[in-house]
Amino acid sequence: NDSIIERVSHIYESDNISAERPIKVLIIEDNVDIIEMYELAFQSKWYEVTRALDGLTWVTKAVTLRPDVIILDIMMPNMDGFEVLQALRNNTSLRSLIITNSNLEWVNEEKKVKELGSDYFLRKSEYTPLDVVAFIENILQKRRSN
């Protein structure tokens, strides 16, 4: 999708990214086992991974880390993924690619996260962490070739 490629173009046009700097990924997820699986998958491809265990913790990490990619869970304590997503997109200085994932079965869940500014919505039960890494790499590869 060309609009997504345009949104992530900063990742490859920024002076801050080079072969020496890995792509920064922030995982906002309250399940430690899931975070660890994602960390292993991303680190196997040399991504720099930071974790936030709840919606409130993300605030400081997102602003200080300035991640290229954010993996965002919906159901979390203190501040759910919908609230986090809205806050992320209201912060105009953050231009991260946001992939929202959940196992909720709401009919309008995907529509709601897209309206709030998520670039993609993936069901956790349908994708392994390695699938998500490959998915992100595919998006970034398309950007490189354009």
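These numbers come from a predicted model, not from an experiment. Just so it is clear, the values below take in all heavy atoms, side chains as well, and ignore hydrogens, waters and symmetry mates.
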Visitor: State, with a plain yes or no, whether a side-chain heavy atom of Leu88 is found less than 4.5 Å away from one of Ile70.
Guide: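 The answer is yes; the side chains approach within 4.5 Å.
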Visitor: Any idea which heavy atoms bring Ala41 and Leu130 closest together, and the distance?
Guide: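 Reported closest heavy-atom pair: CB-CD2, 3.8 Å.
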Visitor: Is it the case that the side chain of Asp80 and the backbone of Met76 share a donor-acceptor pair, with hydrogens and angles ignored and the cut-off at 3.5 Å?
Guide: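 No: the side chain of Asp80 does not pair with the backbone of Met76.
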Visitor: Calculate, to the nearest 0.5 Å, the distance between atoms CG and CZ belonging to Asn101 and Arg123 respectively.
Guide: 10.5 Å
Visitor: Regarding Lys124 and Glu29, does a basic nitrogen lie under 4.0 Å from an acidic carboxylate oxygen?
Guide: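 Answer for the salt bridge query: yes.
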Visitor: Is it possible for you to say whether Met75 and Phe121 belong to one hydrophobic cluster, with membership spreading through side-chain heavy-atom contacts below 4.5 Å?
Guide: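 Yes: a chain of side-chain contacts under 4.5 Å links Met75 to Phe121.
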Visitor: Could you give me the CA-CA distance, side-chain angles and deciding distance for Asn31 and Leu53, then say whether side-chain contact (heavy atoms from CB on, under 4.5 Å) is met?
Guide: CA-CA 7 Å; Asn31 184 316; Leu53 292 172; over 6 Å; no
Visitor: Cluster question for you: counting only ILVMFWY and a side-chain heavy-atom cut-off of under 4.5 Å, with indirect links fine, are Phe42 and Trp46 together?
Guide: no
Visitor: Which atom pair, heavy atoms only, marks the closest approach of Glu48 to Leu65?
Guide: OE2-CD1, 3.8 Å
Visitor: Of the non-hydrogen atoms in Ser102 and Ile74, which two are nearest, and what is the gap between them?
Guide: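 Distance-wise, the nearest heavy atoms are CB-CG1, 3.6 Å.
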Visitor: How many angstroms lie between atom CD of Glu126 and atom CG of Asn103, to the nearest 0.5 angstrom?
Guide: 8.5 Å
Visitor: Which heavy atom in Ala52 sits nearest to a heavy atom in Ile35, and how many Å separate them?
Guide: O-CD1, 4.2 Å
Visitor: Suppose we screen for ring pair (Phe, Tyr, Trp, His ring centres under 6.0 Å). Which residues come up paired with Tyr38, at least two apart in sequence or across chains?
Guide: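 Applying ring pair (Phe, Tyr, Trp, His ring centres under 6.0 Å) to Tyr38 gives none.
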Visitor: Could you tell me whether the side chain of Ile136 reaches within less than 4.5 Å of the side chain of Tyr47, counting heavy atoms only?
Guide: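 Heavy-atom side-chain distance check passes, below 4.5 Å.
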Visitor: Enter the distance from Leu122:CG to Leu72:CG here, rounded to the nearest 0.5 Å.
Guide: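 Going from the CG atom of Leu122 to the CG atom of Leu72 covers 11.5 Å.
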Visitor: Verify side-chain contact (heavy atoms from CB on, under 4.5 Å) between Leu26 and Arg51, making sure each step is shown before the conclusion.
Guide: CA-CA 6 Å; Leu26 173 60; Arg51 60 169 74 180; 6.0 Å; no
Visitor: For the pair Lys114 and Glu109, find out whether any cationic side-chain nitrogen is under 4.0 Å from an anionic carboxylate oxygen.
Guide: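 Looking at Lys114 and Glu109, the cut-off is not met.
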Visitor: Using 30° and 60° as the class boundaries, would you call the ring planes of Tyr127 and Phe135 parallel, tilted or perpendicular?
Guide: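 The arrangement is tilted - the two ring planes meet at 30° to 60°.
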Visitor: Write down the atom of Arg89, the atom of Leu116, and the distance for their closest heavy-atom approach.
Guide: CG-O, 3.3 Å
Visitor: Test side-chain contact (heavy atoms from CB on, under 4.5 Å) on Asp68 and Arg95; report intermediate values, then the result.
Guide: CA-CA 7 Å; Asp68 301 303; Arg95 298 176 53 206; over 6 Å; no
Visitor: List the steps and the verdict of side-chain contact (heavy atoms from CB on, under 4.5 Å) for Ile139 and Tyr120.
Guide: CA-CA 11 Å; Ile139 294 167; Tyr120 290 98; 3.1 Å; yes
Visitor: Kindly give the heavy-atom pair with the smallest separation between Asp119 and Ile98, and that separation in Å.
Guide: OD2-N, 2.7 Å
Visitor: Could you give the distance from CD (Glu39) to CD1 (Ile71), rounded to the nearest 0.5 Å?
Guide: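 The CD atom of Glu39 sits 12.0 Å away from the CD1 atom of Ile71.
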Visitor: Would a 4.5 Å heavy-atom cut-off, applied to side chains only, mark Glu115 and Phe82 as touching?
Guide: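 The answer is no; the side chains never approach within 4.5 Å.
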Visitor: Treat each ILVMFWY residue as a node, draw an edge where side-chain heavy atoms are under 4.5 Å apart, and state whether Leu40 and Val25 are in one component.
Guide: no
Visitor: Give, for atom CD1 of Ile34 and atom CE of Met37, the distance between the pair rounded to the nearest 0.5 Å.
Guide: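 Rounded to the nearest 0.5 Å, the CD1-CE separation comes out at 5.5 Å.
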